[in-house]
2 protein chains.
Amino acid sequence: METLRIYFNKFIKLNDSEWNDFENCLTKVNITNKEQILRQGEHCNFIAFIHEGSFRFYYDKDGVEKITAFNFKGDFVSNYRSFLTGKPSDHFIEAMQDAVIYKINLQELNSLYDKHKNIERLGRLIAENLYLMVASRLDSFMFQTPEERYKALIERNSRLLQEVPQYMIASYLGVKPETLSRIRGRK
Amino acid sequence: METLRIYFNKFIKLNDSEWNDFENCLTKVNITNKEQILRQGEHCNFIAFIHEGSFRFYYDKDGVEKITAFNFKGDFVSNYRSFLTGKPSDHFIEAMQDAVIYKINLQELNSLYDKHKNIERLGRLIAENLYLMVASRLDSFMFQTPEERYKALIERNSRLLQEVPQYMIASYLGVKPETLSRIRGRK
DNA sequence: ATGATTTATTGACTTTGGTCAACGACTTTT
DNA sequence: AAAAGTCGTTGACCAAAGTCAATAAATCAT
């Protein structure tokens, strides 16, 4: 999992001993398109690194799916809340393509935290980073109109629009598909 | 600062050596009502523990203040984003009463992280906790109506309604004061 | 290729929150 | 006590997103 080690380097460099212990905790899993790697009601006891493929993170509100996040190659995927709190997940995580992920489970990660100060630090830096991401998404919901969110999204990740159907983008932006269609029609 | 040590105990118990080093980094500061402890454009290089008093965390959008958070006795107060990224704050932090806070700055905290694995862990647990708080606030903006947010707020923190003027509650809920007044008028 | 299903667009109408203005109840200042 | 300012409420109107329905376009299965 060299790509994961490179990803970690953005936060902190692990030495070979730390990295080997980490790598030994990873389990490679092949996932087929539309497979659910987490269901509502289950405890999410893993964090997974996406080697190949993509996922959507959504919950079902009266039969309508509300998409909270998309995760792509090179991202982590997990219900971090359920992972941290031990509470059942309110979200599903479903593959949008065939995928390959590397999972690490809660118990093993906690052992690594105990054993290596640098991995403990990595955990802190990643938690801080996740905080920043969700805080900026909160800002976009508090202070931007749906149109502004849409424009910011295509600015930031135009690839998303090609890869994901529009009704999912709408859900992610917090509007109905009809509304997104009308937003796109403006200008 | 025994109350802070007790607060930390929810996350992890520090031994006396760890705690003493921590306590030595704290600076007590007296704040008067309406004093700003952080301004837009400044780098927030501190995290403060509120011993007495309360603060609001807001930013100024074209002369209108948008309140992102309230912080009370027993909470931390900081622009955590600015603190973590080193970027200038887009928010103000202003006292709503006379207050007493204990500040720790970025450099000192990083030294403590280096020196004590348990404090590094405390930093992780606090970052994880902040993640959970902002994630749940994001959910409330994505999936609830203003009325539902208002009801959840009075459910969770009815004290807030007594202590804070209604137009600030409205701002925190993401609506205009007139709208909050009408929401309250329903039923 | 054909038919079936899914996805995107458009129109008419409704709902909800925003805007602007007026007003009354309190506070604060002088 | 009077004047000025602040805060919350109410009314009339507006703008934006939701709802429901019809239809067009794209995709999938056979």
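To find a chain, count down the sequence lines: A is the first, B the second, and so on, and within it residues start at 1.
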Rounded to whole angstroms, how far apart are [atom1] on [X] and [atom2] on [N]?
X: A:Arg186; N: C:dT10; atom1: CZ; atom2: C1'; result: 14 Å
X: B:Glu178; N: C:dA21; atom1: CD; atom2: P; result: 12 Å
X: A:Ile183; N: C:dT9; atom1: CD1; atom2: P; result: 12 Å
X: A:Phe143; N: C:dG17; atom1: CZ; atom2: P; result: 18 Å
X: A:Lys34; N: C:dT6; atom1: NZ; atom2: C1'; result: 10 Å
X: B:Asp62; N: C:dT19; atom1: CG; atom2: C1'; result: 15 Å

Less than 4.0 angstrom from a charged side-chain N to a carboxylate O is my criterion; do B:Lys34 and B:Glu94 meet it?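 Looking at B:Glu94 together with B:Lys34, the answer is no, because their closest N to O distance does not fall below 4.0 Å.
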Compute the centroid of each ring, for A:Phe11 and then for A:Tyr7, and state whether the two points are separated by less than 6.0 Å. yes
Exactly one of B:Tyr59, B:Phe55, B:Tyr58, B:Phe57 should register a ring pair (Phe, Tyr, Trp, His ring centres under 6.0 Å) with B:Phe92. Which one does?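 That would be B:Tyr58.
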Contact residues, residues 164-175 of chain A to DNA chain D [heavy atom, < 4.0 Å]: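 Result for residues 164-175 of chain A: A:Gly174, A:Val175, sorted by number.
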Residues A:Ser54 and A:Gln97: side-chain donor-acceptor under 3.5 angstrom: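 A:Ser54 vs A:Gln97: donor-acceptor pair found between side chains.
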Whether the B:His91 and B:Thr68 side chains hold a donor-acceptor pair (N or O, under 3.5 Å, no angle test) is what I'd like checked. yes
If you walk 5' to 3' along DNA chain D, what is the first nucleotide with an atom under 4.0 Å of a heavy atom in chain B, and what is the last? D:dC7 to D:dA12
Report yes or no: is the cationic atom of [X] (NZ for Lys, CZ for Arg) closer than 6.0 Å to the six-membered ring centre of [Y], at no more than 45° off its axis?
X: A:Arg121; Y: B:Tyr113; answer: no
X: A:Arg137; Y: A:Tyr172; answer: yes
X: B:Arg184; Y: B:Tyr150; answer: no

